[in-house]
Amino acid sequence: ISVLCDAEVAVVVFSPMGKLYEYATDSSMDKILERYERYSYAEKALISAESESEGNWCHEYRKLKAKIETIQKCHKHLMGEDLDSLNLKELQQLEQQLESSLKHIRSRKSHLMMESISELQKKERSLQEENKALQKELVERQKAASRQQQQQQVQWEQHAHTQAQAHAQAQAQTQAQAQTSSSSSSMMRDHQQARVPQQNICSYPPATMGGESSSVAAPGQGQIRIGGLPPWMLSPS
């Protein structure tokens, strides 16, 4: 067995006559017996601890069950239920307990309300500061927009003034050119008229039946300016 299973084996044999026979492999009998006693004691200790823990758990269960019942009973009393089993003294204690609980509840409620009010006041101050900052930014933007609008208005006025000046200069140049061309055309016309010869031709009175001519000229017949014709071409036949 020792060779096949690679195990430590110890054999103790007592004969009918009470004689001891022992056998141990690879180590002495004392070491094997010591190991046996150590493992056997640990197992016994574990079993005893488990049994003790089971007893403790049962005891704890009974205690917890009693506590739960007591708590449930107190809860019913605080809720105003199952009061028939209470005497006068217990009812007075319950009343004092409720009054004390109400004081604590009201105190806690007041504390929470004060904290809430303080928090709301902080938020209000923060919102007011933010509102002031936004108003300041809005005013600055309005001022910047007004300055930009004024600059645009000034630029537009300057541009309009420049255009008006340019238009006035163009009109003045046009008028000057028109006057110059008119004066030059009139001078050219006068010059041409001065070059054309002017002749005064007297109108001959028409011949009468007696061969006498009327010495009176027809109204409206005066000097006729005919350019380029000799007088003999204008004499009557």
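Since the model is a prediction, treat every value here as computed from it, not as a measurement. When reading the values below, keep in mind they use all heavy atoms of this one structure, side chains included, and skip hydrogens, waters and symmetry mates. Along the sequence shown, residues carry numbers from 1.
Distance check, rounded to the nearest 0.5 Å: CG of Leu64 to CD1 of Ile71 gives 9.5 Å. A distance of 11.5 Å separates NZ of Lys143 from CG of Leu138, quoted to the nearest 0.5 Å. Here the CD atom belonging to Gln153 is positioned 9.0 Å from the CD atom belonging to Gln150, to the nearest 0.5 angstrom. With values rounded to the nearest 0.5 angstrom, Gln155 atom CD is found 7.0 Å from Gln152 atom CD.
At least one side-chain heavy atom of His75 sits under 4.5 Å from a side-chain heavy atom of Met79. In this structure the side chain of Ile68 never reaches within 4.5 angstrom of the side chain of Thr70, judged on heavy atoms. Under the 4.5 Å side-chain criterion, counting only non-hydrogen atoms from C-beta, Val12 is in contact with Phe14.
A donor and an acceptor atom, one from each side chain of His161 and Glu157, are nowhere located under 3.5 Å apart. The closest side-chain donor-acceptor pair between His159 and Gln163 falls under 3.5 angstrom.
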Can you give me every donor-acceptor pair (side chain of residues 111-132, partner residue at least two apart or in another chain, under 3.5 Å) with its distance?
| unit_1 | atom_1 | unit_2 | atom_2 | d |
| --- | --- | --- | --- | --- |
| His111 | NE2 | Glu115 | OE2 | 2.7 |

N/O donor-acceptor pairs under 3.5 Å from side chains in residues 88-100, not counting sequence neighbours:
| unit_1 | atom_1 | unit_2 | atom_2 | d |
| --- | --- | --- | --- | --- |
| Glu90 | OE1 | Asn87 | N | 3.3 |

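Checked by atom type and distance alone, the side chain of Thr162 pairs as donor or acceptor with a backbone atom of Gln158 at under 3.5 Å. Of the possible donor and acceptor atoms, none in the side chain of Ser146 sits under 3.5 Å from a partner among the backbone N and O of Gln142.
Exactly one of Arg62, Glu69, Lys63 qualifies for a side chain to side chain contact (heavy atoms under 4.5 Å, CB included) with Lys65. That residue is Glu69.
Applying the salt bridge (Lys or Arg N to Asp or Glu O under 4.0 Å) criterion to Arg141, with sequence neighbours excluded, gives Glu137.
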